[in-house]
Each structure stands twice: as C-alpha cells, then as structure tokens.
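For the single chain, residues carry numbers from 1 onward in sequence order. For the numbers below, each heavy atom of this structure counts, side chains included, while hydrogens, waters and symmetry mates do not.
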Amino acid sequence: MRVSVRPRLRRAGVVVGGAAAATLMAVTTAAAAGPPMPELRGRGLMHVFSTLDYRTRVDVHDVSGAHRHVLWPLSWKVCTQSPAAGQRLDGGTVTVGVVKNAERCPKK
C-alpha cells in the first residue's frame with residue numbers, strides 16, 4: 001500500500017505561506033505608520049538629523065525672534081518640536097524650533 005504525503009505538504013506550504021504573507025503585511029503596515037517621535041527638546045540640532053530617518057523632512061526655524069538662518073546645525077539646540085514626543089511619524093514633516101546653544105529657549 002502506498003501512502004501519498006504530497007497533498008499534506010502542499011497544504012502545509014499554503015498555511016505557512018499565508019502566515020508569512022500576513023506577518024509581512026502586518027510589519028509593512030506598522031512600518032508605514034512610522035516609529036514614535038523621539039523627545040528632541042533640549043538636544044542639539046545635529047541630534048535631530050542623526051536620530052530621524054534620512055527620508056524624514058525636517059523644517060528648522062529660529063524661535064528667538066531674530067529670524068536667523070540656521071546654517072550650522074552644531075551651533076543650535078531644539079526648543080520646540082512638532083509632532084510631540086511619542087506621536088507616530090506618518091511620513092509627514094517634522095518641525096523644530098531652535099536657538100543658538102548659548103541662548104535660552106523663549107517662554108511660551
């Protein structure tokens with residue numbers, strides 16, 4: 001008597017393949033939602049660029065009221081950020097308000 005194992009193997013392959021596809025879809029969906037926004041306030045501007053994904057758009061502006069151009073990231077620190085820490089980065093723009101390292105962040 002001959003017993004065929006092939007049908008069982010095919011079904012197992014479909015189940016494993018389906019599970020792998022579902023896992024891949026879940027991982028892709030989680031990646032599309034983005035990681036949580038880190039806390040950047042009080043850190044140097046260079047930390048922003050080294051922490052966030054290189055594909056994330058970062059808008060930087062001087063919040064001291066002097067409306068200076070931010071040319072050298074090592075000379076600036078972060079006072080404000082949007083989105084807030086802990087919120088999901090959904091591929092949108094990150095906005096940070098900065099002042100020179102020696103200056104204090106303005107009061108709200």
**Study point:** Stepwise side chain to side chain contact (heavy atoms under 4.5 Å, CB included) check, V70 with H61
**Key:** CA-CA 7 Å; V70 179; H61 61 278; over 6 Å; no

Interatomic distance, [X] atom [atom1] to [Y] atom [atom2] [nearest 0.5 angstrom]:
X: C79; Y: D62; atom1: SG; atom2: CG; result: 9.0 Å
X: R41; Y: Q81; atom1: CZ; atom2: CD; result: 5.5 Å
X: H47; Y: K77; atom1: NE2; atom2: NZ; result: 15.0 Å
X: F49; Y: L74; atom1: CZ; atom2: CG; result: 10.5 Å

Check your understanding: If every non-hydrogen atom of V63 is compared with every non-hydrogen atom of G97, which pair is closest and at what distance?
Key -> CG1-CA, 3.5 Å

Review point. Which pair of non-hydrogen atoms, one from W76 and one from V98, has the smallest distance, and what is that distance?
Key: CE3-CG2, 3.5 Å

Check your understanding: Does the distance from a Lys or Arg side-chain N to an Asp or Glu carboxylate O, for D90 and R88, drop under 4.0 Å?
Key -> no

Check your understanding: In the single-linkage hydrophobic clustering (I, L, V, M, F, W, Y; side-chain heavy atoms under 4.5 Å), do L52 and V78 co-cluster?
Key -> yes

Exercise for review: Look at the side-chain heavy atoms of Ile, Leu, Val, Met, Phe, Trp and Tyr, link any pair under 4.5 Å apart, and say whether V58 and M46 land in one connected group.
Suggested key: no

Do [X] and [Y] come within less than 4.5 Å of each other through their side chains, counting heavy atoms only?
X: P36; Y: L89; value: no
X: S64; Y: P106; value: no
X: P38; Y: V48; value: no

Review point. So, the side chain of D59 versus the backbone of V96: is there a donor-acceptor pair under 3.5 Å, distance only?
Key: no

